[in-house]
Amino acid sequence: MIEWDAATIKDFQTTLLDWFDQEGRDLPWRHDHEPYHVWVSEIMLQQTQVQTVIPYYQRFMKLFPTVADLAAAPESQLLKAWEGLGYYSRVRNMQRCAKQLLTDYDGQWPQTAAELTELIGIGPYTAGAIASIAFNEPVPAVDGNAYRVFSRLLKIDADIAKPQTRALFEHVISQIISHERPGDFNQAIMDLGSSYMTARQPDTAHSPVKRFNQAYLDGDELAYPVKTKKPRPKPVAYVAVLAKMQDRWLMTKRPSNGMLANLWTVPLIPIADLGLDDDYQPTDLVTAVETYFKREYQLQLTAQYLAGRPVIHTFTHQKWTIQGLGGQVMLSDLAYFAGQTFSLSERQRLPMPKVQEKIFAHYETD
DNA sequence: CACTCGTGGCA
DNA sequence: TTGCCAAGAGT
């Protein structure tokens, strides 16, 4: 790791901000510095690319123009607006934060990163982003871009996968950030990280800050940032039961904790929970699921094995293989079942994860 | 601290 | 097909 003197820091700030003034992106959430707008965009942008976020942001702002609108909305409506973005706890935490602002803060945003971190769903990165962009506090906003950009500029070889490495980057960037324009400085680093200083195919030769990029000057910029690998997704096998009761679809609302919390799917049963032999036949699966429905839900299901390849859906840490069953449920009460029945048009209004859309499309149900 | 929590794009 | 990456936070 190298260090910069005061003159180099000033030179870097000027070069970066001049470039940002000329080439910075015009994004929907950059039309003003309203903390609500900054907040919503930063939450959406967590682990999500800009081009994916733009249409979601525009729809979200029409539906929920203020913190109060967000706080008052039915959760199902929020989840529907978030449908397809992933990491659904983000939007549920946003509503908790909105209510927290109204009740504990009299509707007024705290203006420092230290206070913003106390709010639900706002961690060190988002606190720094809001504080610097909306309130002009000279604090770093350390995200993946900042890790990548500064690790290359200064040849920092600490493992960015380790939580303690954040403190090192916060310390370093705090010495370099512009105190006159901290929000623009942080956003310029992000624009740099998504244009010239990308992870795989950087274009440093044309970068406005290439003369500051020590890793590039040494010819080893792809060695940065240093990051340990994550384990690959664990395989999990499910049965999806696409069943109707009186021509209405049987859907279940997932638990309020864990994966895809509070989203709607058809009943998904881990095959491991069915107590089958390793070499079970399709008819064994059908019988086991019918038995499971009777025992767990008090529902009389008549199921059919759906031919063809199963649906494959990969999450960050799980790879699901999903075998479909069609079926019909006898008319009865749903007291022991965590769900309801819906017509097709009703079904389409439910907030559902992508994996559920994939299951319906795969088995061409209607 | 290590693990959990989605989805789309790309080589 | 696989692996990795993309404006992270909660537990």
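Numbers restart at 1 for each chain; the letters A, B, ... are given by sequence-line order, proteins then strands. Heavy atoms only: backbone and side chains are in, while hydrogens, waters and symmetry mates are out. These figures come from a predicted structure and were not determined experimentally.
Taking atom C1' in both B/dC3 and C/dA7, the straight-line distance is 22 Å, to the nearest Å. Taking atom C1' in both C/dA6 and B/dC5, one finds a spacing of 15 Å when rounded to whole Å. Nucleotides B/dC1 and C/dT11, compared at atom C1', are 11 Å apart to the nearest Å.
Taking the ring centroids of A/W264 and A/F342, they lie under the 6.0 Å cut-off. Side-chain rings of A/F169 and A/Y147 approach one another, their centers coming within less than 6.0 Å. Aromatic ring centres of A/F315 and A/H317 lie farther apart than the 6.0 Å criterion allows.
Cluster partners of A/Y216, by chain and number: A/L217. The rule joins Ile, Leu, Val, Met, Phe, Trp and Tyr whenever side-chain heavy atoms lie under 4.5 Å apart. Apart from A/I312 itself, the hydrophobic cluster it occupies contains nothing, where clustering links Ile, Leu, Val, Met, Phe, Trp and Tyr at side-chain heavy-atom distances under 4.5 Å. If you chain together ILVMFWY residues whose side-chain heavy atoms come under 4.5 Å of each other, A/F337 ends up grouped with A/V239, A/V241, A/M245, A/L250, A/I269, A/I271, A/L274, A/L276, A/Y280, A/L285, A/V286, A/V289, A/Y292, A/F293, A/Y297, A/L299, A/L301, A/Y305, A/L325, A/V329, A/L331, A/L334.
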Start with the C-alpha distance between A/K319 and A/K234, add both sets of side-chain angles, then the distance that settles side-chain contact (heavy atoms from CB on, under 4.5 Å), and finish with yes or no.
-> CA-CA 6 Å; A/K319 180 177 181 179; A/K234 171 190 168 188; over 6 Å; no
Verdict with reasoning, A/R248 to A/E346, per salt bridge (Lys or Arg N to Asp or Glu O under 4.0 Å) | CA-CA 10 Å; A/R248 292 167 63 82; A/E346 288 170 343; 3.0 Å; yes
Reading 5' to 3' through nucleotides 1-8 of chain C, protein heavy-atom contacts under 4.0 Å coded B for base, S for sugar-phosphate only, - for none | -SBBSBBB
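Side chain to side chain, A/W109 and A/Q111 fail the donor-acceptor criterion of an N or O pair below 3.5 Å. In this structure, a donor-acceptor pair under 3.5 Å is present between the side chains of A/D5 and A/T8. Inspection of the A/E221 and A/T204 side chains reveals an N or O donor paired with an N or O acceptor under 3.5 Å. Side-chain contact, A/D69 with A/T66: a donor N or O sits under 3.5 Å from an acceptor N or O. Looking only at atom types and distance, the side chain of A/S332 has no donor-acceptor partner in the side chain of A/Q298 under 3.5 Å away.
Residues in residues 148-175 of chain A take part in these side-chain hydrogen bond (donor to acceptor under 3.5 Å, both in side chains) pairs, two or more places apart or across chains: A/N145-A/R148, A/K155-A/D218, A/K155-A/D220, A/D159-A/T228. Evaluation of the side-chain hydrogen bond (donor to acceptor under 3.5 Å, both in side chains) test over residues 182-193 of chain A, restricted to residues two or more places apart or in two chains, returns A/R25-A/D191, A/R30-A/Q187, A/R30-A/D191, A/S132-A/N186, A/R181-A/D184.
Using a 30° and 60° split on the angle between ring planes, A/F150 and A/F185 fall in the parallel class, below 30°.
Within a heavy-atom distance below 4.0 Å of DNA chain B, the residues of residues 255-273 of chain A found are A/G258, A/M259, A/L260. Against DNA chain B, the stretch residues 149-165 of chain A makes heavy-atom approaches under 4.0 Å through A/P163, A/Q164. Of the residues in residues 60-76 of chain A, none lies under 4.0 Å from DNA chain B by heavy-atom distance.
With sequence neighbours excluded, no residue satisfies ring-ring contact (aromatic ring centres under 6.0 Å, His included) with A/Y87.
In this structure, A/P231 reaches neither bases nor backbone, as no heavy-atom distance under 4.0 Å exists between it and the strands shown.
Between A/T52 and A/H317, the one whose closest nucleotide on DNA chain B sits nearer the 5' end is A/H317.
A stem is defined here as three or more consecutive Watson-Crick or G-U pairs, each with both distances under 3.5 Å; for DNA chain B these stems are B:2-5 with C:8-11, B:7-11 with C:2-6.
Of all nucleotides in DNA chain B, those with any atom nearer than 4.0 Å to a heavy atom of chain A start and finish, going 5' to 3', at B/dC1 to B/dC10.
Across all their heavy atoms, A/A338 and A/T252 have their closest contact at O-OG1, 2.7 Å.
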